[in-house]
Amino acid sequence: MSCIFCRIAKKELPSKIVYEDDSVLAFEDIAPQAPIHILVIPKKHYSTVLEIDDKTLIGHIFTVINEIAQQKRFSEKGFRVVVNCNSDGGQTVYHLHFHILAGRRMFWPPG
């Protein structure tokens, strides 16, 4: 398997890590779409959100997102969390990941 996010999680590829624990890794996106663009991934490989079999994983990921928002001080102004699923949903890397976008005003609809 040559999943880029698995390789980042295993530290085979460099990244600017923002948060890490036993099950989750958060790092800065290399092609940011906002002044703050952080990706949060489970270390275990799930290709899409449709494969999640761990009932506590999503809660843990959102707790981590909350911690990052508080630590980076963008929680009060606001931010967006995006999960893309499959090609029509805009997914290009098939390892479940959550985009945290902050540092500018977000608009709706997103695209």
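These figures come from a predicted structure and were not determined experimentally.
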Next on the checklist: Please give me the minimum heavy-atom distance between Gln70 and Ser75, naming the atom from each residue.
Outcome noted: NE2-OG, 3.4 Å
Checklist outcome for this item: The single option from Ile41, Ile4, Asn84 that satisfies side-chain contact (heavy atoms from CB on, under 4.5 Å) with Val93 is Ile4
Checklist entry - Asp29 and Pro32: which non-hydrogen atoms are nearest, and at how many Å? => result O-CD, 3.6 Å
Checklist entry - Can you tell me how far the CG atom of Leu25 sits from the NZ atom of Lys11, to the nearest 0.5 Å? => result 6.0 Å
Checklist entry - So do Phe62 and Val81 actually touch side chain to side chain, heavy atoms under 4.5 Å? => result yes
Item to check | Distance (rounded to the nearest 0.5 Å) between Asp54 CG and Lys44 NZ | outcome: 7.0 Å
Checklist entry - Can Val83 and His97 be said to form a side chain to side chain contact (heavy atoms under 4.5 Å, CB included), step by step? => result CA-CA 6 Å; Val83 180; His97 56 287; over 6 Å; no
Checklist outcome for this item: Rounding to 0.5 Å, atoms CD1 (Ile61) and OG1 (Thr56) come to a distance of 9.5 Å
Checklist entry - Within the side chain of His95, is there an N or O that forms a donor-acceptor pair under 3.5 Å with the backbone of Lys43? => result no
Checklist outcome for this item: Nearest heavy-atom contact between Pro35 and Gly103 is CG-O, 3.3 Å
Next on the checklist: Between His99 and Leu39, is there a side-chain heavy-atom distance shorter than 4.5 Å?
Outcome noted: yes
Checklist entry - What's the verdict on side chain to side chain contact (heavy atoms under 4.5 Å, CB included) for Tyr94 and Ser87, showing C-alpha distance, side-chain angles and the deciding distance? => result CA-CA 10 Å; Tyr94 283 82; Ser87 59; 4.0 Å; yes
Checklist entry - For the hydrophobic clusters of this structure (ILVMFWY residues joined by side-chain heavy atoms under 4.5 Å, transitively), does one cluster hold both Tyr46 and Val64? => result yes
Next on the checklist: Set out, in order, the CA-CA distance, both residues' side-chain angles and the distance that settles side chain to side chain contact (heavy atoms under 4.5 Å, CB included) for Val18 and Ile100, then state yes or no.
Outcome noted: CA-CA 12 Å; Val18 173; Ile100 306 172; over 6 Å; no
Checklist outcome for this item: Interatomic distance, CD@Glu67 vs CD1@Ile65, rounded to 0.5 Å, equals 11.0 Å
Item to check | Within one Ile-Leu-Val-Met-Phe-Trp-Tyr cluster: Phe79 and Phe98, side-chain cutoff 4.5 Å | outcome: yes
Checklist entry - Within the side chain of Arg104, is there an N or O that forms a donor-acceptor pair under 3.5 Å with the backbone of Gln33? => result yes
Next on the checklist: Donor-acceptor pair, distance only, cut-off 3.5 Å: does the side chain of Gln91 make one with the backbone of Ser47?
Outcome noted: yes
Item to check | Non-hydrogen side-chain atoms of Leu96 and Phe5 separated by less than 4.5 Å | outcome: no
Checklist entry - CD of Glu76: more than 12 outside heavy atoms within 6.0 angstrom? => result no
Next on the checklist: Please determine whether residues Ile8 and Ile17 belong to a single hydrophobic cluster, defined as Ile, Leu, Val, Met, Phe, Trp and Tyr linked transitively by side-chain heavy-atom distances below 4.5 Å.
Outcome noted: yes
Next on the checklist: Quick check for you: to the nearest 0.5 Å, what is the distance between Asp22 atom CG and Glu20 atom CD?
Outcome noted: 8.5 Å
Next on the checklist: Tell me every residue that passes side-chain contact (heavy atoms from CB on, under 4.5 Å) with Ile36, counting only those two or more places apart in sequence or in another chain.
Outcome noted: Ile38, Phe74, Ala102
Next on the checklist: For Ile52, I'd like to know if atom CD1 has over 12 heavy atoms of other residues, nucleotides or ligands within 6.0 Å.
Outcome noted: yes
Checklist entry - Between Asp21 and Ser23, is there a donor-acceptor pair closer than 3.5 Å when you use the side chain of the first and the backbone of the second? => result yes
Checklist outcome for this item: Taken to the nearest 0.5 Å, the spacing of Arg105 CZ from Lys77 NZ works out to 10.5 Å
